[in-house]
Amino acid sequence: MVDEIRVRFAPSPTGYLHVGGARTALFNWLFARSTGGTFILRIEDTDRARYQESALAEIIESLRWLGLDQDEGPEAGGPRGPYFQSERLALYREHADRLVGEGKAYPCFCTSERLDALRREQEAAKLPHVGYDRTCRRLPPGEAAARRAAGTPCVIRFAVPEEVRPVTFNDLIRGDIEYRTDVLDDFVLLKSDGFPTYHLANVVDDRAMGISHVLRGDEWIASTPRHILLYEAFGWPLPRFAHLPVILSPDGGKLSKRKGAASVLDYRRAGYLPEALFNFLALLGWAPGDDREVMDRGEIAAAFSLDRVHPKPAVFDEEKLAWMNGQYMMARSAEALLPEILPLWAKLGFTDGTEPWLPKVVDLLKSRARRLNELAEDAVWFFRDPETYEEKAAAKHFGPDGPALLRELAEALAAVEPFTAAPLEALYRATAEAKALSPGKLIHPTRLAVSGVSFGPGLFEMMEVLGRETVLRRMEAAARRIEEKH
RNA sequence: GGCCCAUUCGUCUAAUGGUUAGGAUACGGCCCUCUCAAGGCCGCGAUACGGGUUCGAAUCCCGUAUGGGCUACCA
């Protein structure tokens, strides 16, 4: 028999997809792609109280943006659907009833008030093991069935074996983990609204969908023994388990919106490229084993293996993400980067995207910005004449003889042919030499006059893109401004 | 409280009993240079602590500390 590898990412549509969830999805995707397996998206919408209408679209858009294409799922379809748990309710009830019939589960009529009181009592008594006291488990079978038949609201609880024994499993990332049956309480399988809990739905669906490897977040590790008991009760073979470490914020706590972006789409809004986030997330908890860091999807998928995933929680360092994003921005051609920048320029009111020299602007700026938004904003003076001049630089480069110098240079500029970088540079160097000045004495005032700031691309490349008319206009405007000041 | 998990430079990580503990980021410096970036070179910086096992421990074992998760009719 061929061991077919099938993995799933199973988010609950209760909010945006955060980077921790995205990393779980990414590792599932990488594992599938690196082994020729199947990557499935399953929506675990069994919590009607926390369900959010907008969440599903956001999750799907986040995955699409990151390039985590699904082989089976709500959009891709597939033979093991439906891929929404809310459309599989009959299956869960059937399985819960089967366990009740076999004496491995039982209806529980305890009210939430009684359960709350019980919990408070146990906490006050500082009992080592807290949990349901199994009152309804001891109900005479006839009575339970009768009350259920009469329509008394109830949940179905799993009857954890009374026998005290270890429940062990081998986690692909952490190794052997052991729990004991006496620390497990009789957890709920089916809620009183007829919806399954995560535990039941997850196990039933993983079985029904042929999931071979369960790669999920760390927070599920304590639930795994319950799931194993369920597999045993059903008589099903176990999938392999691998629990991924959490991603932490720089202060060591959980990642949250408050501490910066936490959702995948926030990073898109902040000007990050999907391939950069993809690469960065892949390196959180995994490394190829050699010194490679900037790797494309294919390289990462080819190098990925679960045994190189390590169990330590990783801090999300946005500085390094920014660096990596800069690497990807530089690596993209201007033509490939332009479509990302155009909408930002449109929003800033800079351009409708028709100027033929736009790719040159991207070329001049892409190695000078780490995020798309930065690049877009840094381009302001390509589109607008400066209204102010950087104060410190003006004090240094706009002296009393500034107007005369700028006008003299402008006069020479008016005659340069063609108006391109090389002749412009030749002109400046020759002029500097003739005046026995360092070229910087000419270049810096011109840069400030033309862009309003003291930093940016090479002056002559800038002037070429701006064109003669604009450059001369700005130099004259600067000359007048200096005269007004003095 | 109980159970479980984790612990190498600030951060991401490499080294799976024998390395001057390597790389990246960040930070500092130098070079390049019209500025700012980019790039190149150099520097700073780590095995949480205490016991074992071993000729030899970041690596194996135990304990402590610290951090995290679970302990719901949430996932």
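All heavy atoms count here, side chains included; hydrogens, waters and symmetry mates do not. Keep in mind the model is a prediction, meaning the values are calculated, not measured. Numbers restart at 1 for each chain; the letters A, B, ... are given by sequence-line order, proteins then strands.
Between Gln327(A) and rA37(B), a side-chain N or O to OP1/OP2 separation shorter than 4.0 Å is absent. Checking the phosphate oxygens (OP1, OP2) of rU7(B), no side-chain nitrogen or oxygen of Arg174(A) falls inside 4.0 Å. One finds no side-chain N or O of Lys366(A) lying less than 4.0 angstrom from the OP1 or OP2 phosphate oxygen of rA38(B). For Arg119(A), a side-chain nitrogen or oxygen approaches OP1 or OP2 of rC73(B) to under 4.0 Å. Considering only side-chain N and O atoms, Lys191(A) lies under 4.0 angstrom from the phosphate OP1 or OP2 of rC74(B). Listed pair His310(A) / rU13(B) meets the phosphate criterion, a side-chain N or O lying under 4.0 Å from OP1 or OP2. For the OP1/OP2 pair of rA72(B) and a distance below 4.0 Å, the side-chain nitrogens and oxygens of Arg120(A) include no atom meeting the criterion. Here Arg180(A) does not reach the OP1 or OP2 of rG2(B): none of its side-chain N or O atoms lies under 4.0 Å away. Contact check, Lys312(A) against rG67(B): no side-chain N or O comes under 4.0 Å of OP1 or OP2. Between rA75(B) and Ser223(A), no contact under 4.0 Å exists linking OP1 or OP2 to a side-chain N or O.
Heavy atoms of Pro439(A) sit nowhere under 4.0 angstrom from any nucleic acid atom. Residue contacts for Gly285(A): at a heavy-atom cut-off of 4.0 Å it reaches the sugar-phosphate backbone alone, with no base atom in range. Contact annotation for Thr14(A): no contact, since no heavy-atom pair falls under 4.0 Å across all strands. As judged by a 4.0 angstrom heavy-atom cut-off over every strand, Pro457(A) is placed among the base-contacting residues.
Atom C1' of rA24(B) sits at a distance of 15 Å from the matching atom of rA46(B), rounded to the whole Å. Spacing between rU13(B) and rC31(B) at atom C1', rounded to whole Å, works out to 29 Å. rG29(B) sits 48 Å from rG63(B) when the P atoms are compared, rounded to a whole Å. When the C1' atom is compared between rG39(B) and rG18(B), the two are found 38 Å apart, to the nearest whole Å. If you take atom P in rA72(B) and the same atom in rC12(B), they sit 31 Å apart, rounded to whole Å. Atom name P, nucleotides rC61(B) and rU66(B): the rounded distance is 22 Å, in whole Å. Comparing the C1' positions of rA48(B) and rA58(B) gives a spacing of 12 Å, expressed to the nearest Å. As rounded to the nearest Å, rU25(B) and rC9(B) have C1' atoms that lie 11 Å from one another.
Residue-to-nucleotide contacts include a donor-acceptor pair under 3.5 Å from the side chain of Lys320(A) to the base of rA24(B). At a cut-off of 3.5 angstrom, counting only N and O atoms as typed in the model, there is no donor on one side facing an acceptor on the other between the side-chain of Thr197(A) and the base of rC73(B).
For the residue pair Thr420(A)/Glu464(A), the side-chain donor-acceptor check at 3.5 Å is not satisfied.
Tyr267(A) and Phe316(A) have tilted rings, their planes meeting at an angle from 30° to 60° on a 0 to 90° scale.
Comparing rC4(B), rU13(B), rG23(B) by their nearest atom to the side chain of Ala287(A) picks out rU13(B). The side chain of Arg308(A) lies closest to rA15(B) when the candidates are rA15(B), rA75(B), rU25(B). With rG10(B), rC4(B), rC34(B) as the candidates, the nucleotide lying closest to the side chain of Tyr179(A) is rC4(B). For Glu293(A), counting side-chain heavy atoms from C-beta on, the closest listed nucleotide (rC34(B), rA24(B), rA75(B)) is rA24(B).
As the counterpart of rG67(B), rC5(B) is assigned, both hydrogen-bonding distances of the Watson-Crick or G-U wobble pattern falling under 3.5 Å. Remark: rC32(B) base-pairs with no nucleotide; criterion is Watson-Crick or G-U wobble with both hydrogen-bond distances under 3.5 Å. The nucleotide rU20(B) finds no pairing partner, because no Watson-Crick or G-U wobble arrangement with both distances shorter than 3.5 Å includes it. The partner of rC60(B) is rG52(B), by the rule that a Watson-Crick or G-U pair needs both atom distances under 3.5 Å.
If you measure from atom CG of Leu459(A) to atom P of rA37(B), you get 17 Å, rounded to the nearest angstrom.
A distance-only check finds no donor-acceptor pair linking the side chain of Glu275(A) to the backbone of Arg297(A) [under 3.5 Å].
Along RNA chain B, the nucleotide nearest to Val183(A) and the one nearest to Asp193(A) differ in position, and the one closer to the 5' end is contacted by Val183(A). Mapping Trp286(A) and Trp220(A) onto RNA chain B via the closest heavy atom, the residue that lands nearer the 5' end is Trp286(A).
Under the side chain to side chain contact (heavy atoms under 4.5 Å, CB included) rule, Pro107(A) has a single partner from Cys136(A), Cys154(A), Ser192(A), which is Cys154(A). Partner Val167(A) forms a side chain to side chain contact (heavy atoms under 4.5 Å, CB included) with one of Ile228(A), Ile177(A), Thr224(A) and no other, that one being Ile228(A). Of the options Tyr198(A), Tyr179(A), Phe241(A), a ring-ring contact (aromatic ring centres under 6.0 Å, His included) to His227(A) is made by Tyr198(A) and by none of the others.
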Working for salt bridge (Lys or Arg N to Asp or Glu O under 4.0 Å), residues Arg226(A) and Asp185(A): CA-CA 9 Å; Arg226(A) 294 174 227 275; Asp185(A) 74 343; 3.6 Å; yes
